[in-house]
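To start, the structure itself, in structure tokens.
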Amino acid sequence: MKITVLPGDGIGPEVTREAISVVTEVASAFGSSIETEEYLIGGAAIREKGSPFPEETRTACLESDAVFLGAVGTPEYDHLPPDSRPEVGLLQLRKALGGFANLRPARAVPALIDSSPLRREIFTGTDLLIVRELLGGLYFGEPRGFEDGRSSAYNTMRYSVAEVERVARVAFEAARGRWKKVTSVDKANVLETSQVWRETVSRVAADYSDVQLEHLFVDACAMHLVTEPARFDVILTENLFGDILSDEAAVLTGSLGMLASATIGSDIGLYEPVHGSAPQIAGRNIANPLGTIASAAMLMRYSARNEAAATAIEGAIEAVLEEGYRTADLAPEGYRNVVSTEEMGRLVRERALTNASVKTSGQAV
Ligand code: IPM
Ligand code: MN
């Protein structure tokens, strides 16, 4: 497999390095080889090439089997207008690749239950998947812009039936492999786009009679996520709602640094952690690489179609947490077993390779 790696800004490079080293070694333990090449995106690309998504980055991404991204965004370019900021590089990348369904799983890992801001009895049993529409809504809707200098500004939320339908199918298919429940999240009491969303999802649901569908307004969903997160299975929602709800879901698991994502729907998958570039801790070897490593596991699952390698990596993450290792973001005050970004990467890599050799040699676990 040919993977284009875009480390990006802030903590992106350090967490990406760990994830790529885990995934290349685990893949080779399973007899497949991963070839990686790094390119610039975001603030790093603006600095070197004058653009957040340089042509050579685009070309490399379109010629690869999968794209792996660290993080994008840096305060250095906060003064730039929206159309030339580092984040635009990520949005152009998403659009170029064409994947429209962004999968963001959030689960209560037993070892981390006490790191959750929620009480143990509320968070226990949570295992949900956010399916976020990634190429529509306010992020991409036209027209957009400033008016009269900057005395006002506007964005457009637009969804076609076709855009809703294709992402809804991904959600229903995913639910079939899980607990067969889809919660579609909208604001149909106020927004026309949400009414089209709701009608379309209801119509698609008819093809999945084995899956239960409920509709929920986004404000209620935000509330239920903190009062009763275990009630959810698959949450299907539009781009901006999904962005907001996935940060909320992420932090419930103990740290924003834990969550992975995969973007599917086109030939070239895109894998990136849910967290941002965290510039305030960049370059200090303290960032949590687990969300990024878990994104690499998703790459093995969806692009390499190697479920065994994916579970070897995911099992390793859980085992290392079970053994008590924590990066700083997950550790309570005064915790003894705090490890660096690199140490966490090494621990997961070693454990994943053990898992892989157990599987490939056919021994019982
Ligand atoms: C995310 C991020 C991005 C988004 C930003 C960096 C453009 O917050 O992947 O959730 O809003 O989609
Ligand atoms: Mn976000």
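The model shown is predicted, which means the values in this text are computed figures rather than measured ones. Atoms within a ligand are numbered from 1 in the order they appear, just like the ligands themselves.
- Remark: R144 is not positioned above the aromatic ring of Y154, lacking an NZ or CZ atom under 6.0 angstrom from the ring centre and at most 45 degrees off the axis.
- Under a hydrophobic-cluster definition in which Ile, Leu, Val, Met, Phe, Trp and Tyr are linked whenever side-chain heavy atoms come within less than 4.5 Å, directly or via other members, V185 and L240 are assigned to the same cluster.
- Taking the ring centre of Y325 as origin, the terminal cationic atom of R346 falls outside the region bounded by 6.0 Å and 45° from the ring axis.
- Around the Mn ion (ligand 2), the protein contributes the following N, O or S atoms under 2.8 Å, ordered by chain and number: D243 OD1.
- The residues lining ligand 1, counting any heavy atom closer than 4.0 Å, are E87, L90, R94, R104, R132, Y139, D243.
- Of all heavy-atom pairs between H275 and G257, the closest is CD2-CA, 3.9 Å.
- For the pair R150 and F146, the distance from NZ or CZ to the six-membered ring centre is under 6.0 Å and the angle to the ring normal is within 45 degrees.
- Between L236 and V167 the shortest heavy-atom distance is CD1-O, 3.9 Å.
- By the 6.0 Å contact criterion, CD on E192 is open, its count of non-hydrogen atoms from other residues, nucleotides or ligands being 12 or less.
- Ring orientation note: the planes of F172 and Y208 are close to parallel, at an angle under 30° on the 30°/60° scale.
- With rounding to the nearest 0.5 angstrom, the CG atom of L321 is 10.0 Å from the CG atom of L347.
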